[in-house]
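Letters A, B, ... mirror the listed sequences (proteins, then strands); counts begin at 1.
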Amino acid sequence: MHDFRTHTCGQLGEAQIGETVKLSGWVHRKRDHGGVLFIDLRDTYGMTQCVVDEDSPLINEIDKWRNESVITITGTVRKRAEGTANDRLATGAIEVYIEGADMQSAADVIPFQVAEDDGTGEDHRLKYRYLDLRREKMQKNIRLRNNVIRSLREKMWNKDFQEFQTPILTASSPEGARDYLVPSRLHPGKFYALPQAPQQFKQLLMMSGFDKYFQIAPCFRDEDGRADRLAEFYQLDVEMSFVTQQDVHDTIQPVIEQTFREHANFTGEERKVEWLPNLPYKEAMLKYGSDKPDLRNPLEIVDVTEVFNRDDVEFKAFKGVIAKGGVVRAIRAPKVSEQPRSFFDKLNGWAQKEGAPGLGYIVIEGGEGKGPIAKFVSAEATKQLCEIAGLEDGDAVFFVCDMEGKAANMAGKARDAICDSMDAAGIETREKGVYKFCWVVDFPMYEFDEKAQKIDFSHNPFSMPQGGLDALENQDPLTIMANQYDCVCNGFELASGAIRNHKPEIMEKAFGIAGYGMDTLEEKFGGMLNAMRFGAPPHGGLAFGIDRIVMLLADEPNLREVYAFVMNGAYEDQMMGAPTPAMEEQLKDLHLKVNMPKELVKKEEAA
RNA sequence: GCGGGAGUAGUUCAGUUGGUUAGAACGCCGGCCUGUCACGCCGGAGGUCGCGGGUUCAAGUCCCGUCUCUCGCGCCA
């Protein structure tokens with residue numbers, strides 16, 4: 001017989017009754033009834049009830065074994081007595097009568113319970129992640145992650161993409177986030193950058209003639225975290241040659257759509273997968289106030305600047321902003337006129353927390369406007385408002401007024417806040433049980449950087465501008481669109497990509513408009529620029545955030561729930577103790593001296 | 001860097017208007033129990049109430065500072 005096991009803990013059933021078997025696993029729970037002792041033995045495959053009674057000399061020894069100890073038991077599979085079967089357990093028809101038992105590794109008292117999800121704080125869970133990972137939910141989430149990655153990889157292979165690995169110690173990529181730097185010992189004062197994405201490498205592979213590239217690529221960005229953002233994450237990175245934007249979408253959309261369909265019922269709730277028509281960036285910003293709208297939210301934004309600009313509308317707060325070039329955006333909330341005043345007050349309070357003066361609204365009742373600001377809006381103007389926003393009796397309409405960019409943004413947030421409030425008030429608004437996808441297309445190539453007071457790339461600077469060189473030479477840069485697209489699902493940006501610029505002269509012009517001279521271009525991206533001069537195919541691609549995909553499928557609020565090992569919100573790993581100060585020797589090797597922030601030094605001296 | 005929330009037993013939490021010896025559940029230790037599967041019953045141990053200062057006869061509770069965790073803003077396309 002094998003040293004450790006003949007079966008797994010999820011395997012035994014009535015077919016094995018009478019067999020002598022060996023199982024190994026963790027003590028999940030014990031139930032001691034005096035004369036009889038039950039042990040639930042757990043491994044990643046399942047759980048098996050093992051029994052020993054007072055006829056056996058083992059009972060006293062086994063009784064002392066703590067939960068989460070690793071043990072091996074030998075015994076006979078027997079049918080459970082009438083009425084004691086457990087339908088909730090896959091192995092619930094049988095139990096193993098213990099004839100031999102070995103302690104492989106005794107567990108100390110554990111810092112939190114593995115057998116139950118008691119809401120243990122994340123800091124504890126991360127410090128003892130190996131224990132946390134034993135819990136059923138994490139085992140399932142990590143398995144989902146495995147399955148999703150296998151699913152994506154298989155589909156890419158089936159489409160004749162080649163899988164690559166690209167360097168981790170490399171130079172800065174054009175993503176725009178802060179780089180993680182690694183000092184070079186052999187080159188004093190010089191640093192490698194960890195890749196924010198393998199952007200240049202995948203483009204270079206196209207220039208090398210590989211035609212269809214993909215990678216499950218680790219990416220690193222040194223920016224503060226969010227629930228859906230980590231310092232290191234994985235992307236399904238894809239690039240193709242001789243393709244249009246439509247080709248890229250047609251190739252990758254089935255991969256994502258099918259992967260979602262395969263795993264959509266992971267939580268036990270059946271979920272639909274819907275792919276909606278392409279959404280131009282401009283329309284997204286106007287109708288949803290976001291370039292990653294949650295399309296389960298049916299509320300839409302309209303522009304009503306003209307209403308508040310009328311002579312018979314007296315609302316000075318808005319008029320003043322409009323005079324400075326601002327806009328008024330409106331969100332219709334259907335059938336909320338019955339809601340108590342607190343419904344509106346809470347939303348107003350929410351808006352103030354977001355830094356707005358408030359969230360003005362008008363309620364339409366009997367064809368008339370009601371509410372705090374209704375008296376400033378004439379009957380004629382109210383009628384026009386109803387036409388533009390499609391208002392009916394019993395509806396309310398909320399207003400955001402600011403300069404265009406800020407107004408769109410705030411309206412987008414308000415759109416979600418109103419939707420949440422309606423759901424909370426029992427008016428079902430946000431659609432449930434569905435993954436709503438779409439491609440957001442036609443992103444602007446440039447934007448005006450208010451801080452630097454200059455034109456800069458709005459997204460990936462390697463994108464091909466729509467209209468090519470001609471557009472760059474003859475169009476107002478702020479009106480030029482890029483062949484750039486995002487894939488959005490339920491309010492999350494799942495992917496971003498573009499048809500790339502493969503012509504050095506367009507590259508030079510494009511960077512020139514953003515104020516980067518040929519010297520900067522050569523210095524930062526010289527390798528790729530050179531490659532373009534030796535025959536570069538038109539190409540494009542995208543990258544999907546794998547962790548976000550798994551997070552959505554697992555219905556988790558947080559990326560940390562779908563990673564085995566992960567840092568906390570401040571990017572510390574309390575389990576491994578990272579980051580740590582470097583030893584003097586190491587710093588010397590690297591020709592580095594640490595220059596601590598003065599305030600930190602003061603604090604440490606005080607302490 | 002900024003804002004919201006949290007910090008009390010190993011874990012999750014309760015703790016009234018500032019007032020006796022700071023409680024509960026799970027876990028842990030000891031005992032009882034032959035059919036449970038979140039077993040049950042009895043008993044016990046376990047607390048720098050994050051830390052520092054202040055107000056007060058009296059502080060877990062009020063005030064100030066500080067640290068940690070978390071969510072968001074900035075940042076990240």
Side-chain angles (χ1 to χ4, degrees), chain A residues 28-41 47-56 59 63-64 66-68 80-89 91-92 95 107-128 131-132 173-179 196-197 199 219-231 233 281 291-292 350 352-355 409 413 440 443-447 449 451 456-463 482 484-486 493 495-498 543 557-558 560 568-570 572 574 597 599 603 606-607:
Chain A
H28 188 68
R29 273 199 181 93
K30 282 184 310 182
R31 289 175 296 281
D32 177 6
H33 289 256
V36 59
L37 172 68
F38 299 97
I39 289 188
D40 292 333
L41 194 66
M47 197 121 68
T48 303
Q49 174 167 285
C50 305
V51 202
V52 64
D53 59 30
E54 62 190 356
D55 298 338
S56 165
I59 189 166
D63 191 33
K64 289 180 202 145
R66 277 203 200 98
N67 285 353
E68 295 309 313
R80 292 208 196 176
E82 192 68 28
T84 63
N86 185 348
D87 325 326
R88 284 173 300 159
L89 207 59
T91 61
E95 64 193 7
D108 276 350
V109 175
I110 46 180
F112 53 80
Q113 295 314 110
V114 170
E116 55 196 285
D117 191 356
D118 60 355
T120 302
E122 203 174 43
D123 40 348
H124 288 110
R125 290 176 54 206
L126 292 181
K127 183 169 179 189
Y128 303 97
L131 289 181
D132 185 43
S173 54
E175 252 62 30
R178 199 175 288 114
D179 287 318
Q196 295 181 31
Q199 183 65 33
C219 305
F220 307 86
R221 297 182 188 178
D222 186 7
E223 299 290 351
D224 288 5
R226 291 286 185 277
D228 65 343
R229 239 167 56 191
L230 296 171
F233 57 98
Y281 171 85
D291 60 0
K292 45 175 180 171
W350 165 85
Q352 287 172 341
K353 256 175 83 177
E354 289 287 327
N409 208 292
K413 287 181 185 169
V440 177
F443 277 80
M445 185 80 189
Y446 298 102
E447 64 191 9
D449 183 343
K451 213 162 58 186
D456 207 348
F457 292 108
S458 123
H459 291 89
N460 189 323
F462 289 0
S463 298
Q484 146 99 38
Y485 36 84
D486 281 3
E493 177 194 311
S496 194
N558 189 313
R560 290 185 285 268
N568 69 10
E572 295 165 307
Q574 301 282 7
E599 288 150 39
K603 263 182 202 166

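- Stacking of Phe38(A) onto the six-membered ring of U36(B) is present: less than 5.5 angstrom between centres, less than 30° between planes.
- The Thr120(A) side chain lies nearest to U12(B) when the options are U12(B), C37(B), G74(B).
- Between Arg125(A) and C69(B) there is no side-chain N or O to OP1 or OP2 distance below 4.0 Å.
- Among the heavy atoms of the strands, none lies under 4.0 Å from Asp222(A).
- Asn86(A) comes within 4.0 angstrom of a nucleotide base, judged by non-hydrogen atoms across all strands.
- With the nearest nucleotide of RNA chain B identified for both Ala177(A) and Lys413(A), Lys413(A) has the one nearer the 5' end.
- At the heavy-atom level, Glu354(A) lies nowhere under 4.0 Å from the strands shown.
- One C1' atom belongs to G10(B), the other to U17(B), and the distance between them is 33 Å to the nearest Å.
- Only the C1' atoms considered, A14(B) is 15 Å distant from G47(B), to the nearest whole Å.
- Nucleotides U55(B) and G60(B) place their P atoms 16 Å apart, quoted to the nearest Å.
- For the P atoms, the distance linking G53(B) with A38(B) amounts to 49 Å, nearest Å.
- Taking side-chain N and O atoms only, His33(A) has no distance below 4.0 Å to OP1 or OP2 of U36(B).
- Comparing U36(B) with C41(B), their P atoms sit 15 Å apart, to the nearest whole Å.
- Here the separation of G27(B) from A59(B), taken at their P atoms, is 36 Å to the nearest Å.
- Evaluation of atom-type donor-acceptor distances gives no pair under 3.5 Å for the side chain of Arg221(A) against the base of C76(B).
- Between the side chain of Arg31(A) and the base of C33(B), no donor-acceptor pair of N or O atoms lies under 3.5 Å.
- Residue Asp224(A) is classed as a base contact, given a heavy-atom separation below 4.0 Å to a base.
- Donor-acceptor pairing under 3.5 Å, judged by distance alone, is absent between the side chain of Glu223(A) and the base of G74(B).
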Exercise for the section: Show your reasoning for whether ring pair (Phe, Tyr, Trp, His ring centres under 6.0 Å) applies to Phe443(A) and His459(A). Expected result: CA-CA 8 Å; Phe443(A) 277 80; His459(A) 291 89; 4.6 Å; yes
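- Comparing G30(B) with G15(B), their C1' atoms are spaced 30 Å from each other, to the whole Å.
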Exercise for the section: Take Arg229(A) and Glu223(A) through the salt bridge (charged side-chain N to carboxylate O under 4.0 Å, His left out) test and state the conclusion after the steps. Expected result: CA-CA 9 Å; Arg229(A) 239 167 56 191; Glu223(A) 299 290 351; over 6 Å; no
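- Contact of Arg66(A) with G27(B) (side chain to base): no donor-acceptor pair of N or O atoms is detected under 3.5 Å.
- Counting atom types as modelled, Arg29(A) pairs no side-chain N or O with a base atom of U36(B) as donor and acceptor under 3.5 Å.
- Across all strands shown, Glu493(A) has heavy atoms under 4.0 Å from base atoms, whether or not it also approaches the sugar-phosphate.
- With G27(B), C76(B), G35(B) as the candidates, the nucleotide lying closest to the side chain of Gln113(A) is G27(B).
- In the interface, the side chain of Gln49(A) is paired with the base of U36(B) through a donor and an acceptor atom under 3.5 Å apart.
- Look at CD on Gln574(A): it is 10 Å from P on U68(B), rounded to the nearest Å.
- Counting non-hydrogen atoms of other residues, nucleotides and ligands closer than 6.0 Å to NZ of Lys127(A) gives a total of 12 or fewer.
- Heavy atoms only, all atoms of each residue included: Asn568(A) and Arg560(A) are closest at C-NH1, 4.2 Å.
- Counting all heavy atoms, side chain and backbone alike, Arg66(A) lies closest to Ala107(A) at NH1-O, 3.2 Å.
- Heavy atoms of Gly121(A) sit under 4.0 angstrom from primed sugar atoms or phosphate atoms, though from no base atom.
- For the strand RNA chain B, secondary-structure stems (runs of at least three Watson-Crick or G-U pairs, all distances below 3.5 Å) span B:1-7 with B:67-73, B:10-13 with B:23-26, B:28-32 with B:40-44, B:50-54 with B:62-66.
- Among the heavy atoms of the strands lying under 4.0 Å from Asp486(A) is at least one base atom, whether or not backbone atoms are also near.
- Separation of the C1' atoms belonging to G4(B) and U8(B) is 22 Å when rounded to the nearest angstrom.
- Using a cutoff of 4.0 Å between basic side-chain nitrogens and carboxylate oxygens, Asp40(A) and Arg31(A) are scored as salt-bridged.
- When heavy atoms are screened at a 4.0 angstrom cut-off, Ala543(A) is found touching no nucleic acid atom at all.
- In this structure, Asp179(A) reaches neither bases nor backbone, as no heavy-atom distance under 4.0 Å exists between it and the strands shown.
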